[in-house]
Each structure stands twice: as C-alpha cells, then as structure tokens.
Amino acid sequence: MVLNHTPGEVVSGIALDVAGPTGIITLDRPPVNAMDFALQARLFDVARQVAADEDVRAVVIRGAGAAFSAGADIEQMARTSANPARFTVVRGPRPGEGAFGTGAH
C-alpha cells in the first residue's frame, strides 16, 4: 500500500478510505463541499496517491453531507480575481492514458 493516510481521517477537506480494491475519496468541506484552492490541491495529491497504488482498481469520489460539490468556491474566486496568476489550467490525460495521466492502459 502506497497511501500515506489514516483511513477516514479528514485532511484539508478530504477523507480517503480503501476497501479492498476500491479507493473512496470523500470531499468533506461543509456546507456544500465547495472547491477552494486547498481542497483542489489535496484532491490532486490524494488522486495521485491512489493512482500509484497497484492494489486499488477503482476509485469512488463522493461528497459528505447533502451535496457532492457546489463546484468552485465563488467567494475565494472573487477575492483572488484581481490576481489572475492564482488560476492554473490543468490538462487532463491524453488519449490512451489512464486516469490521472499515469500512462496506464
């Protein structure tokens, strides 16, 4: 197991559990799991960890509470809109690459 987490522990708004071959990532940022910069960064870190674990064959991403995710944290975007350098374009996997761009087929 490559994952460096305590099962079920919420770190920076995300909990990770592994149940057999399934990784379960839970967004946990009340009230509606809005994606601020810290949550986005943690989600990418956790996704990379899960992708590196050869025992994990599937990943479920879910939201705690009543909502999966409201999307981007609009309040944070409004505060940082004067500084467009805060926004980063993230490119998805190329055709033929596996999830998270690992190159797995």
Side-chain angles (χ1 to χ4, degrees):
M1 185 74 62
V2 182
L3 305 174
N4 53 359
H5 74 286
T6 301
E9 176 185 19
V10 177
V11 178
S12 298
I14 293 192
L16 172 63
D17 290 294
V18 176
T22 306
I24 303 167
I25 298 172
T26 304
L27 307 178
D28 193 355
R29 186 171 180 257
V32 292
N33 303 316
M35 302 282 283
D36 65 357
F37 297 132
L39 185 65
Q40 291 173 39
R42 178 72 176 137
L43 179 57
F44 279 110
D45 289 343
V46 170
R48 285 184 191 101
Q49 290 177 25
V50 172
D53 188 333
E54 293 182 8
D55 294 332
V56 175
R57 307 300 296 163
V59 177
V60 174
I61 301 176
R62 65 185 191 163
F68 170 70
S69 175
D73 185 327
I74 301 302
E75 290 179 5
Q76 185 179 54
M77 288 176 64
R79 288 191 308 269
T80 59
S81 64
N83 182 4
R86 290 281 299 165
F87 296 96
T88 304
V89 175
V90 178
R91 188 172 166 274
R94 291 181 296 238
E97 287 186 334
F100 311 115
T102 62
H105 295 278

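- Taking all atoms of both residues into account, the shortest heavy-atom contact from S69 to M35 is OG-CG, 3.5 Å.
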- prompt: When you look at T22 and V60, which way does the side chain to side chain contact (heavy atoms under 4.5 Å, CB included) test go after all the steps?
  reply: CA-CA 7 Å; T22 306; V60 174; 4.1 Å; yes
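- Interatomic distance, CD of Q49 versus CZ of R42, reported as 6.0 Å (0.5 Å rounding).
- Annotation: the span from R62 atom CZ to I24 atom CD1 amounts to 6.0 Å, rounded to 0.5 Å.
- Contact of the I14 side chain with the L43 side chain is registered, since non-hydrogen atoms from C-beta on lie closer than 4.5 Å.
- Between D45 and R48 a salt bridge is recorded (basic side-chain N to carboxylate O distance below 4.0 Å).
- Counting all heavy atoms, side chain and backbone alike, V18 lies closest to V56 at CG1-CG2, 4.1 Å.
- If you take CZ on F68 and CG on N33, they are separated by 8.5 Å, rounding to the nearest 0.5 Å.
- In terms of modelled atom types and a separation under 3.5 Å, the side chain of D17 and the main chain of G23 share no donor-acceptor contact.
- Here the CD1-CG distance, from I61 to L16, works out to 10.5 Å after rounding to the nearest 0.5 Å.
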